[in-house]
Amino acid sequence: MVLIVLHLAGGVALLTWGLHMVESGLMRAFGASLKRFMAKSLGNRFNAFFAGLAITGALQSSTATGMIASSFAARGLMRPVTGLAVMLGANVGSTLIVQAFALDLSWISPVCLLVGMWLFERGKGSRNRDIGRASIGLGLMLLALTILVSTVQPAETAPALRTVLGALAGEPVLNAALACLLTWAAHSSIPIVLFVMSMASLHTISMSTAVAMVLGANVGSALNPYFEAAKGNDKSRRRLPAGNLLLRGGVCVLLISACGPLARMLDAVSGDPGRIIADFHTGLNIVIAIIFIGLLDPVARLLERMLPELQLPEDANAPRYLDEGVLPIPSQALSCAAREVSHMGEIVEVMLRDSMPALLANDRRTLGDIASRDDAVDMLHDAIKYYVTEITREPLEEEDRQWASSIMTAVINLEHIGDIIDKNLLETARKKIKAQVNFSAEGAEELNTLHHAVIDSFHRVQALLVSRRPQIAAQVIADKHAIRSLERSARERHLERLRTGVPDSVASSSLHLDTLRDLVRIQSHICALAYPLLEKPAAA
């Protein structure tokens, strides 16, 4: 009995892992396209319903579709009614996946595994690698179904299993609760419903037990997106998952009391019990969608009252000084833009200051904080560019025109520095963590020295943003030559350590050289900040 349970648990685990690989592979390969497709399908509830169905069919996960819809709704890109329609479509889409797997597709498993491995190995760094991951996941899911069927078939005659199933046969609430718990743990109803279908086909469980477990699996599937959305403090993010739980979960909970009549009705249908259970699962969600798609407006209003938006304090990284009221007065508006550039520079300085300690210490948490600050830098970059563009829509005096140009140059270079930190230095840190390597003590000291020199130069250019003194600009330009000299010296000493075979230097060589290069690139953009600011006239 223990061996049978172990095989069943392993089969369900393999099925769940295969589903995760399909979802992650397709999300990496086509995630942006799927999100654009959903964004274009928000015209009405019916379009949204079919968008939810199609995306769930592609991702093979209603939970993933629900999380995409919740993120759209949280950003105000989707009305609650539209989001609820997406959730109804996702529920139906997940049942169609069960229908497809109910067919005898075991022969496809080795094909999917072979094709997937070929694409995964040959497609390094490309979309083909992610498609290969999804193909491997599909093959594992089909293989897991074969394992489950082969395990359940001889288990049908096991006395202990018959005793357990017999004890649960007349307890629809316990059966539903068990399936709900398993679905919540697996983060998907698909493997659980497929498992129930396998047992029903082999007559290991009665139709009444199968119906109760399918209802429980539907409740568990509605719980997953809600718990994911409940992790934050903003209750409004829970609206769509809560609405789906109310509609889908509520109907299924009510139907648990009617398992007996439903089972007798299904028993009267001729055919394979597993196929009948799959049809019941699909029909149940289609009926729920038909009943509620016209009643989503009052449900949305109820959710808005029950789960109000969180009133957040002012974002410290949001634009502070871009006063639209002074746009008709160019000199004042440009002063506002210049102050916002200084604010943007403060955020970039924090990113630059924290990047090297996080790189050297393999500090994952700080890396995440720096990456989030780059989002703020991008937001300020867009806001300042738009603001200055509004200023320049009308003809400007020559001094104001040059000032506007220098502000735009500063904004662009600060954004480039943020990108180098986020996309290069942080990526180097992630590679270093993944490879479990460290820089040599001498190499770390050289990187720290160069990093401090770059920070000092950045501090000078920040002072230049405010004072516009030629002496400071000259110092920034002089920094360029000193830092390049430091970089050359550090690179030569690193190569010398490679020649002498210092283990840490050999293991981390490419990462060390990439870091030196990126610090020099940052310094180049710091210098680019200095040149136009020399020409900027004093603020009015």
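Worth knowing before you read on, the calculation uses all heavy atoms, side chains too, and leaves out hydrogens, waters and symmetry mates. Heads up: numbering here begins at 1 and tracks the sequence.
Residues I526 and V454 form a side-chain contact, since some pair of their non-hydrogen atoms from C-beta on lies under 4.5 Å apart. A 4.5 Å side-chain heavy-atom check between D456 and D479 finds every atom pair outside the cut-off. Looking at heavy atoms from C-beta onward, I136 lies out of side-chain contact with R133 at the 4.5 angstrom threshold. Counting only heavy atoms from C-beta outward, the side chains of C336 and V326 approach each other to under 4.5 Å. Under the 4.5 Å side-chain criterion, counting only non-hydrogen atoms from C-beta, T515 is in contact with M356. Using a 4.5 Å heavy-atom threshold, the side chains of Y386 and L322 count as separate. Side-chain contact check for I370 versus D374: every heavy-atom pair is 4.5 Å or farther apart.
Heavy-atom minimum distance, H451 versus P357: CE1-CD, 4.3 Å. Contact detail for L119 and G132: the closest heavy-atom pair is CB-CA, 3.7 Å. Minimum heavy-atom separation, A528 to T409: O-CG2, 4.1 Å. When all heavy atoms of A333 and I391 are compared, the closest pair comes out as CB-CD1, 3.5 Å. Across all their heavy atoms, P241 and M87 have their closest contact at CA-CE, 4.0 Å. Pairing each heavy atom of A463 with each of I472, the nearest pair is CB-CD1, 4.1 Å.
Atom CZ of R517 has more than 12 neighbouring heavy atoms from other residues, nucleotides or ligands inside a 6.0 Å radius. The local environment of CZ in R364 is sparse, with at most 12 non-hydrogen atoms from other residues, nucleotides or ligands closer than 6.0 Å. More than 12 heavy atoms of other residues, nucleotides or ligands lie within 6.0 Å of CD in E427, so this atom counts as buried by the packing criterion. Atom NZ of K431 has 12 or fewer neighbouring heavy atoms from other residues, nucleotides or ligands inside a 6.0 Å radius.
Using a 4.0 Å cut-off between charged nitrogen and carboxylate oxygen, E487 and R484 do not count as a salt-bridge pair. Between R401 and E398 a salt bridge is recorded (basic side-chain N to carboxylate O distance below 4.0 Å).
One distance of note links CD1 of I420 with CG of L425; it measures 8.0 Å at 0.5 Å rounding. To the nearest 0.5 Å, atom CD1 of residue I483 and atom CD of residue Q523 are 3.5 Å apart. F458 contributes atom CZ, which lies 7.0 Å from atom CG of L529 (distance to the nearest 0.5 angstrom). The line from CD1 of I407 to OG of S405 is 9.5 Å long, rounded to the nearest 0.5 Å. For the atom pair H494 NE2 and L516 CG, the distance stands at 8.0 Å (nearest 0.5 Å). Note: D130 CG to S135 OG = 12.5 Å, rounded to the nearest 0.5 Å.
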Are K432 and L359 close enough, and set up right, to give a side-chain contact (heavy atoms from CB on, under 4.5 Å), and what steps lead you there?
-> CA-CA 8 Å; K432 180 171 174 282; L359 171 64; 4.1 Å; yes

Apply the test side-chain contact (heavy atoms from CB on, under 4.5 Å) to residues R373 and I421: give CA-CA distance (whole Å), side-chain angles for both, the deciding distance (0.1 Å), then the verdict.
-> CA-CA 10 Å; R373 291 183 186 278; I421 297 169; over 6 Å; no

Full working for side-chain contact (heavy atoms from CB on, under 4.5 Å) between L380 and L414 | CA-CA 10 Å; L380 289 174; L414 285 173; over 6 Å; no

Run the numbers on K480 and V476 for side-chain contact (heavy atoms from CB on, under 4.5 Å), then give the verdict.
-> CA-CA 7 Å; K480 177 180 179 179; V476 173; over 6 Å; no

Run the numbers on H459 and Q462 for side-chain hydrogen bond (donor to acceptor under 3.5 Å, both in side chains), then give the verdict.
-> CA-CA 5 Å; H459 287 163; Q462 282 181 296; 4.5 Å; no

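Within the 3.5 Å criterion, the main-chain N or O of L486 finds no donor-acceptor partner in the side chain of S489. Side chain of E415 to main chain of V377: no donor-acceptor pair is present (N/O by atom type, distance under 3.5 Å, no hydrogens or angles). A distance-only check finds a donor-acceptor pair linking the side chain of T428 to the backbone of N424 [under 3.5 Å]. When atom types are taken as modelled, the side chain of H512 and the backbone of R491 share no donor-acceptor pair closer than 3.5 angstrom. Checked by atom type and distance alone, the side chain of S457 never pairs as donor or acceptor with a backbone atom of A453 at under 3.5 Å. Judged purely by atom type and a 3.5 angstrom limit, Y387 uses its side chain to pair as donor or acceptor with the backbone of D323. Looking only at distances, a side-chain donor or acceptor of S406 sits under 3.5 Å from a matching main-chain atom of W403.
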Cut-off 3.5 Å, no hydrogens considered: what does the side-chain donor-acceptor table look like for residues 436-445, sequence neighbours left out?
residue : atom : partner : partner atom : Å
Q436    : NE2  : I433    : O            : 2.7
S440    : OG   : G443    : N            : 3.0
S440    : OG   : R497    : NE           : 3.3
S440    : OG   : S505    : OG           : 3.4

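In the model, H343 has no side-chain atom that pairs as donor or acceptor with a side-chain atom of E346 under 3.5 Å. In the model, T389 has no side-chain atom that pairs as donor or acceptor with a side-chain atom of R393 under 3.5 Å.
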